[in-house]
Structures are given as structure tokens and as C-alpha cells.
Amino acid sequence: MRDIRMKGLTRRQALAGGAALAAATSVPTGWAIAQAKPLKVGLMLPYSGTFAKLGENITHAVEMLIAEKGGKLGGREIQLIKLDDESKPEIAPQNADRLVKRDQVDVIIGTVHSGVQMGIHKVVSESGTLCIVPNAGNGAVTGQLCAKNVFRTSFTNWQPAYGMGLAAAKKGFKKGVWVTWDYAAGAESGAGFKEAMEKSGGEVLPSLVLPFPQTNFQPLLAQIPGLGVDVVGSFFAGGGAVQFVKEYAAAGIKVPLVGSGFLTEGTLEAQGAAADGIETALHYGDGLDNVKNASFRKAFLQKAGREADVYAVQGYDAAQLLAVGLEAVKGNTDDEAGLYKAMREAKMDSPRGPISMSPSQNVTQNIYLRKVQGTENKVIGIAAEALADPGTGCKMT
Ligand code: PHB
């Protein structure tokens with residue numbers, strides 16, 4: 001971390017280390033004192049609004065991994081500082097700044113919303129604070145604005161939507177439309193779907209959009225029957241996705257609804273029969289048959305009192321990635337080169353299967369085709385194998 005606090009002893013550290021200094025027979029180095037201190041991790045996530053459950057699941061999973069490691073990563077105790085970002089981009093820079101300057105966090109794990117991510121990105125690009133993105137998919141963060149201190153354990157908005165476009169074309173759909181919120185995640189996922197459909201000779205009309213986080217879907221739904229499309233693709237998530245899927249079914253529209261997998265992720269209990277049969281593409285599915293997934297789902301259910309979903313997986317992997325880095329440098333975050341090298345080269349056993357980082361520090365991963373059956377997103381195939389975001393424009397410093 002570029003943060004000068006870690007280089008020598010600040011007044012605060014000297015005070016904190018005072019007792020240790022007095023008790024010691026030999027004078028500990030700045031590093032030894034810094035290492036004895038807990039590592040502060042800011043969890044900047046939505047704990048209210050349409051994405052509240054997403055932020056909660058990420059948090060549960062981060063806490064779970066830390067507990068599995070006995071409360072310490074690389075020998076450092078972990079102190080979590082939670083901040084509700086409310087999925088509001090306009091207050092994101094102040095919020096991130098508060099974590100870095102006032103709370104003096106060593107790491108930010110955040111966030112869910114692509115617009116809020118831009119605010120965090122601005123702050124961590126300037127301060128050099130390590131940032132691990134546990135959901136938000138905006139391409140720029142691991143594209144033209146990529147930075148060596150920023151890692152992402154989730155996806156780019158392009159990845160699942162591109163996979164869905166490939167799968168939709170393969171099923172024979174020729175003309176589609178994307179329905180979504182009017183912000184980065186909606187636009188980038190729509191572009192991915194369109195790119196894949198067009199590559200296969202299909203066509204996608206201009207998106208139907210409404211402002212985030214609004215849910216007055218009726219004017220959009222009313223347009224669909226007149227468009228002459230044979231498939232409707234969609235990006236919504238959290239509470240908004242619950243409502244959209246219910247209203248789509250209630251409207252009696254005959255055109256099949258597909259989407260980035262968030263449309264039916266962590267939402268199926270609430271969507272009920274309205275979601276039955278919907279096919280989506282995502283880097284996770286409920287029935288993924290691997291040892292890690294089985295133990296992860298069991299532990300998550302025990303901790304959170306509800307089933308795991310992709311958000312939980314991404315949060316768990318954010319904490320796993322931090323653990324890999326800290327273990328490599330034995331908790332010495334002053335060894336920035338060693339810390340980032342270990343994170344870049346991490347090979348992790350994720351509940352989604354084995355994962356590694358792409359050159360722009362996003363995950364290279366399978367995009368699964370899933371179909372809703374009852375309260376499960378059953379994996380029915382692979383929409384795109386080992387798909388890496390191209391990381392266009394990334395020049396890693
Ligand atoms: C995003 O804003 O990038 C975003 C939000 C929720 C999701 C996926 C992406 O489920």
C-alpha cells in the first residue's frame with residue numbers, strides 16, 4: 001500500500017505500540033508493531049435499498065472465511081469496518097474517502113453497484129489503497145482504468161451477458177431486446193448480449209430502460225409485444241429483479257425471458273412460480289458439483305440462515321484472495337510488490353470451481369447456462385468456457 005502510515009511509525013501507531021515497547025527487552029521495528037496491529041478492512045457495501053441482500057450475503061461470506069482461518073489472515077487479526085453505501089454513486093467518493101482517511105483502512109472490499117464502484121475507484125487510485133471488488137461489474141475498473149492495487153473476484157458486466165447472447169443464438173433466437181436499468185451495468189450487459197447475438201447473425205434492438213433503482217416496469221412491458229422480437233434479455237438484480245420477473249409473468253407476455261443470471265439469483269423464493277423455466281447465464285449455479293461448493297453452501301446456510309448465492313461466493317473469494325496475499329507476505333503489507341504478486345498469481349478453490357486472475361485482475365471463468373426449477377438455478381450447460389474479459393485498454397502500471 002502506498003499509504004505512508006505503514007512505512008514508519010505515525011503518532012497513533014507509536015501510542016498504540018507504547019505498551020509493547022515498554023514491555024519488550026529489545027526495541028521492535030516499525031514493521032513488527034504494525035504487524036501486531038489488526039488489519040483494517042473496510043466493507044463498503046449496500047446494506048439498504050434494492051441491493052441490501054447482496055451486500056449482506058457478501059458480508060456473511062467474508063466473515064465466514066475469516067472465521068475459518070481462525071480470525072487471522074497471514075498472522076494479522078482482521079478488523080472489519082462496515083459502511084452502507086446505499087448504492088448511491090453521488091456519495092460514493094466521500095464514503096470511500098472516509099474509510100481511507102478517517103478510518104484508515106488498509107483494504108476496501110467493495111462494492112455491488114457499478115456507479116458506486118467508480119467513486120471507490122477514484123479514491124483508491126489516488127491513495128493506493130488495496131481494493132477487492134466483490135461484485136460490481138463495470139468494465140473500466142479492470143479495463144482502461146485498471147490499477148495494480150485493484151482486484152475483482154466477481155465478473156465484468158460483459159461476461160455473463162455475452163454468454164447469454166451466445167446461448168440464445170444457439171437456441172435459434174434471431175431478434176431480441178434488452179430491458180434494464182439505465183446505468184453502467186445495464187448498458188454493458190446489454191452490449192455483451194448484443195455482441196454475441198450479432199456475432200451469430202442475430203439482431204438486438206435498442207434497449208428498453210428505466211432509471212436505477214426504479215421499478216415502474218409497466219410502460220416498458222407494454223412495448224414488448226409490438227416489437228416483433230423472439231427473445232427478451234434482461235439485467236436486473238436484487239429487489240428489482242424480484243419485481244420485474246413477477247410483473248413479466250403477470251403481463252402474460254409470450255416472448256421467452258432470459259438474462260444475466262442475477263435476474264434469478266438469490267431471488268427465487270420471492271419470485272415463486274413466476275420464475276419457473278427462465279434461462280440465464282452466470283459464473284455460478286446451485287447444483288455445481290464440487291467438494292468446495294458442498295462445504296461452502298452448508299457453512300453459509302448455517303451462518304446466514306439462508307441458501308448461498310453468487311454474491312456469497314464472490315464475497316468468500318474476495319476474502320480468500322486477501323488471505324492468499326497476506327499469507328505470502330506474512331501479514332507485512334509494506335511488501336506491496338510481494339502482496340500484489342501473490343494475489344495476481346493466486347489459484348483459488350472457489351465454490352464456482354478453480355479460478356485465477358486475468359492479466360487485468362478480473363476472474364477468468366466458465367459462464368454456465370442455468371434454468372430455474374423450483375427454487376434452484378439448475379446448471380444445464382456451459383454458455384462460454386473459461387471466458388476472460390478482454391480488459392480492453394488496460395495498461396497495468
Ligand atoms: C452492478 O451494478 O455492477 C451490478 C449490480 C448488481 C448485480 C450485478 C452487477 O447483481
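As the structure lists them, so they are numbered: ligands from 1, and atoms in each ligand from 1. Here the structure is a predicted model, which means the values were calculated and not measured.
Listed by number with element, the atoms of ligand 1 under 4.0 Å from a non-hydrogen atom of H113 are 2 (O). Residue-ligand proximity, A136 to ligand 1, at heavy-atom distances under 4.0 Å covers atoms 3 (O). In the vicinity of N157, heavy-atom distances shorter than 4.0 Å reach the ligand 1 atoms 3 (O), 9 (C). Which parts of ligand 1 touch N135 is read off a 4.0 Å heavy-atom cut-off, strictly below it: atoms 4 (C), 5 (C), 6 (C), 7 (C), 8 (C), 9 (C). Near A237, the atoms of ligand 1 lying under 4.0 angstrom from a non-hydrogen atom of the residue are 6 (C), 7 (C), 10 (O). For ligand 1, the atoms sitting less than 4.0 Å from at least one non-hydrogen atom of A185 are 1 (C), 2 (O), 3 (O), numbered in the order shown with element in parentheses.
Between the side chains of D389 and T156, at least one donor N or O sits under 3.5 Å from an acceptor N or O. Counted by atom type alone, T333 and D106 present zero donor-acceptor pairs between their side chains at under 3.5 Å. A donor and an acceptor atom, one from each side chain of N362 and Q159, are located under 3.5 Å apart. A donor-acceptor contact closer than 3.5 angstrom links the side chains of N157 and S114.
Proximity of F155 to ligand 1, defined as any heavy-atom pair under 4.0 Å, is confined to the side chain (atoms from C-beta onward). Heavy atoms of S114 found under 4.0 angstrom from ligand 1 belong to the backbone as well as the side chain.
Ring centers of F212 and F51: under 6.0 Å apart, within the cut-off.
Distance from atom 2 (O) of ligand 1 to its nearest protein heavy atom, with residue and atom name: Y183 OH, 2.5 Å. In terms of protein heavy-atom proximity, atom 1 (C) of ligand 1 is closest to V112 O, 3.2 Å.
In terms of polar-atom proximity, defined here as any N/O pair under 3.5 Å, G137 does make such a contact with ligand 1. Here's the thing with Y311: one of its N/O atoms is less than 3.5 angstrom from an N/O atom of ligand 1.
For R297 and E307, the salt-bridge test passes: some basic side-chain N is under 4.0 Å from an acidic carboxylate O. Taking the charged nitrogens against the carboxylate oxygens, E265 and R370 do have a contact shorter than 4.0 Å, which makes a salt bridge.
Nearest approach of K199 to Y162, heavy atoms of both residues: NZ-OH, 2.7 Å.
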